[in-house]
Each structure stands twice: as structure tokens, then as C-alpha cells.
Amino acid sequence: GGDGRLRDLRLDVVEPPSLAKINLQITPPKYIGGTPRPLAATRLVEVPAGSTLSITAESSKPLSSATIRSIPIPSAPQGVTTGTQSSDAQTMEKESLVAQLTTESAETSSQNISLDKQPRRLSGTLGPVLNDCILDIEFTDTTGITNQKPIRFQLLSRPDLPPEIEVTPEGISSVITTSAAIPITGRIQDDHGLAEATVFLRRTTSTDTATDPNVTELQQTSISLATQSSTVLDLVKKASPCIELASLPAKVGDELELLVTAKDQCGLAGGPQTSTTEPWRLRVVSPEVLLAMLEAREVILRRRFESLIADFQQKRDRVVTDVAAKEADNETTTSQLAEATARANGETSEIAASFRDISDELFNNRLLTPPIEERLLHQIATPLEKIVSGPIEQLRLAVYDSDQPRDANRLIQMADTCLDRMRSVLDKMIELETYNEVIDSLRTLIEQQQSIRGETSKQQKQRALDVLKEL
């Protein structure tokens, strides 16, 4: 008993609503354009922070209701939560409704209204987008069926990054003179545009600290930008901006700091962002002290070049001995000369560059005279560069040329050519060192004479004081 039967029951199988089309339009913040433009709809959508996103979603079927929700993505777990209900409640509290569509269902609407007139689209606007979130779209058709597959995509807010500064003082060391000009080279860039860049030079310690209350006053100079919306500022060597020590002004014994700052055009709530380099520390010395330091550097380079020539000569002589005794094959000869050539190539280039650095440092400190420039550049640096690009390069190609048979005697002759050219430059370095020794001797004599004059003046003053006391 109690059995029942239902007859003539008809079931209609229908497809659930799905996403037929979606259009996204982004409006960036005004400081980076502010012009609306279409955006490709993908599972992962990235927009600049502060942008406004317009969404239009179209269903495959007429709708009775639809929603677009924004679900924030937590950046990091704040703590351990027990129970799924508590977690879901916290998530729901953070969700926001971007757009909502509500219409009458087919059963309650007028019979004269066709289903084709039921809406299929839902539009909404989200913004300004400052944090990452998930956009969730839910459709409900006129029969009350919702989309079975979730319609979601992730929206990432790309933050406005601070400016990147990759600059350095060019042709200058940590020791400078009072007449120095400090060039700044490198690159300053920002993802959306630079507003300004500034070079600061400030005194941190002075010989006049007790008497001059303004010794810590900042000296500032601005670097001009090509345009206010420039994203990249290249500071090339030949046209790099310079800051003059004479404008501080600096005195011998002062300790200075040089730093570069850059500010972008960020128009978000936090305002423009500023980046600052680590300070370069500088010490002001007399021209005589700087010249002595650079002369010592030249001596070190000359000794390094002597060691290089001696090593090259030793490898060459070993090859000659092996070839004469017929104890080495072509492979052994090639290996020995290849090692010597590689070292000569690399170190000669470095030594030439170091002499150019010395010339640049003298120039930026206003100490480069035509005779010094002639010796450093035209008698040493340029000939070394020509040796690298000429005989050393020819020997390197001959050593590593696998298509041509290797003639040991020919390779030895090429090595001799390299050594002759290198020794001719070494002679100029020795002449320069001898010249510097004479200058150093004269400098020592002058210092001794000044010391004697100072001591004599001190004794004369003391005698005058003694005479006054006796009166």
C-alpha cells in the first residue's frame, strides 16, 4: 500500500548558461595617459595600479539574473583559522559587487514578452584597481539554471615602481682637487615617466668647521630631462652633466658626498616616488698629492706590463727551444703560444684602459697639460691599443686557425713582432717614470724649502717675543 505513480511527466533537458563573449576596457590613471583602450580578456589580466576596468559579459542564453563580484586575493595569511565556515565568512565580507542584473522570470512575466527580449548582457565598472583580485561572473537563465562551470579570471594590479638609477662618477676617483669637475654617466629610468633628476654634492667634514657655520650646506645642481614624460634618461660620457667643486666651494681637507636622486610622476595616493643612490665619498686634496698618487699608479702599471712582457718572452723562448730540439709538435707549440697570446691580449687592453683613466682623471681635475696628454695617450695608451688590434690579434688568429697548417717558425716571428712593439711602449713608460722621479725630487726640495722658511719665521717670531718680554 501507499504506492503512487506519476504519469505523463515530461523532462526538458536544457544547456546551462555560459559565457559567450566578454569585453574589457581599461582607463589608466591620468598621469600615464588616462585614455580608455580595449584590453584582451585572458585568464590573467594585468593593469596599472589606479586603473579603472569596465566589464561587459554576454551570456549564451537570456538571463533572469547575473552578478559580477570582485574577490580580493589575500597577500599573506594573517593567522590560522579553524573551520571552513569562519574562512568563508571572512572571504564573503571582503567581496564586493561590481555589477548585478535582476529581471522577472519567464513564469511571472507577461506572456506577450518574448524570451528573446530578455537581457543577455551585464556591464559593470571596477576601480580604481589597487590590489589583486578575482572577478567572478555568475549567470542565471530564465529557467533558474546557473552556469555550472565557474567564470573567473584573475586581475593583477601592477604597481608603479620607483625610478631606477644606474649612474656613476666618470673619470674621477675618491680623491679630487678643489678645481675638479665631476661628470655623471649612466642611465636613469622609470616605468611611466621621470619628473626630475638631481645631483647633490655636500660637504660632510671641513677644515673650517669651527669658524664656518655653513660648511654642511648642500650644493645642488639639476640634470635636465629631454621631456617631462621621458621614461629613460641616458647620460653618455661625451655629453654628461658635470658638477663643479668650485661652486661649493671646497677646500683642501674637506670630505664630500655625491649622490643622485630621481623622482617619478606617480599620481596615486602616495604621491611621486623618489629614489636615491648610495653616496659616493670624496676627499679634497692638493694637486701635488693627487699627482703623486697618479704617478704611483703609473709605476704599478709599468711593472705589470714588464711582468707581462717577461712572461710572453719566456713562453716564446720555450717554444724556440722545443722546436730546435724537435721535442714539440705543432699542437704543443700552438698551446703554449695561445696561452701567452690570450694573456697579452687581455692585460694589454686593461693597461691601455688604465692609462686612459689616468688621463681622464687629470682632465677632470684640471691638471692635464698638453705634454702629459701626449705621453699618456699618444705615446702609451693608443700604441698599446694598436698592438692589441694589430700584431697580437694577427697572432691570435694564426694560432687558432684550424684551416691553415701551423708553421712554428712563422708563429715565432709573429711573437717577436709583438714583443718588439710592446718593448717600445715600455721604453716610453720608463722615460715617463724617470720624468716623474725628477718632478718628485723637485717637489721634495720645494717642500723642504717651505718647511725651512716656516721654521725660520717661527724662530724669528719667538725671538721678537723674547725681546719684548725683556723690555
Side-chain angles (χ1 to χ4, degrees), residues 26-35 37 39-40 44-53 73 75-76 127-133 154-174 176 180-202 204 218-245 247 256-282 353 357 360-361 364:
I26 178 180
T27 303
K30 290 183 179 180
Y31 77 95
I32 57 175
T35 303
R37 62 176 184 268
L39 189 66
L44 188 64
V45 177
E46 188 175 16
V47 299
S51 300
T52 300
L53 184 67
I73 300 175
S75 56
V129 179
L130 299 175
N131 300 301
D132 299 346
C133 65
Q154 190 171 350
L155 183 63
L156 299 182
S157 173
R158 184 173 67 247
D160 188 322
L161 300 177
E164 296 180 7
I165 307 176
E166 297 177 357
V167 298
T168 184
E170 180 72 25
I172 213 81
S173 68
S174 60
I176 55 178
I182 307 174
I184 306 297
T185 61
R187 168 174 286 193
I188 305 174
Q189 58 186 353
D190 185 71
D191 49 357
H192 296 304
L194 292 164
E196 63 181 49
T198 308
V199 179
F200 290 97
L201 180 65
R202 63 189 180 193
T204 58
L218 290 178
Q219 170 66 29
Q220 174 181 334
T221 183
S222 297
I223 302 174
S224 300
L225 299 175
T227 63
Q228 289 290 54
S229 59
S230 297
T231 57
V232 177
L233 177 63
D234 284 318
L235 307 174
V236 296
K237 183 175 181 180
K238 293 183 178 180
S240 60
C242 294
I243 183 167
E244 302 279 349
L245 248 68
S247 60
L256 313 175
E257 283 186 348
L258 177 74
L259 50 90
V260 179
T261 66
K263 184 169 67 174
D264 64 13
Q265 303 184 71
C266 180
L268 301 179
Q273 302 177 95
T274 301
S275 297
T276 305
T277 61
E278 291 292 329
W280 290 278
R281 302 189 184 280
L282 308 171
D357 291 341
D360 290 343
E361 191 163 347
N364 290 324

message: Let's go through Asp132 and Arg158 carefully: what are the C-alpha distance in whole Å and the side-chain angles of both, what is the deciding distance for salt bridge (Lys or Arg N to Asp or Glu O under 4.0 Å) to 0.1 Å, and is it a yes or a no?
response: CA-CA 9 Å; Asp132 299 346; Arg158 184 173 67 247; over 6 Å; no
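- Here the side chain of Asp191 pairs a donor or acceptor atom with the backbone of Leu161 at under 3.5 angstrom.
- Among residues two or more places apart in sequence or in another chain, the side chain to side chain donor-acceptor pair (under 3.5 Å) test is passed with Ser51 by none.
- Within the structure, salt bridge (charged side-chain N to carboxylate O under 4.0 Å, His left out) pairs that include any residue of residues 259-279 do not occur (at least two apart or interchain).
- In this structure, Asn364 has no side chain to side chain donor-acceptor pair (under 3.5 Å) partners at least two apart in sequence or on a different chain.
- Across every non-hydrogen atom of Leu258 and Pro169, the tightest pair is CD2-CG, 3.7 Å.
- For Glu166, there are no salt bridge (charged side-chain N to carboxylate O under 4.0 Å, His left out) partners, not counting sequence neighbours.
- For Thr198 (side chain) and Thr261 (main-chain N/O), no donor-acceptor pair under 3.5 Å exists by modelled atom type.
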message: Assess the residue pair Gln189 and Thr231 against the criterion (side-chain contact (heavy atoms from CB on, under 4.5 Å)); give the C-alpha distance rounded to whole Å, side-chain angles, the decisive distance to 0.1 Å, and a yes or no.
response: CA-CA 5 Å; Gln189 58 186 353; Thr231 57; 5.9 Å; no
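- With hydrogens and angles disregarded, no donor-acceptor distance shorter than 3.5 Å links the side chain of Thr185 to the backbone of Leu235.
- Residues satisfying the side-chain contact (heavy atoms from CB on, under 4.5 Å) criterion with Thr52, sequence neighbours excluded, are Thr27, Thr125.
- Residues forming a salt bridge (charged side-chain N to carboxylate O under 4.0 Å, His left out) with Asp160 (at least two apart in sequence, or on another chain): none.
- Closest of all the heavy-atom pairs between Gln265 and Tyr31 is O-CD1, 3.1 Å.
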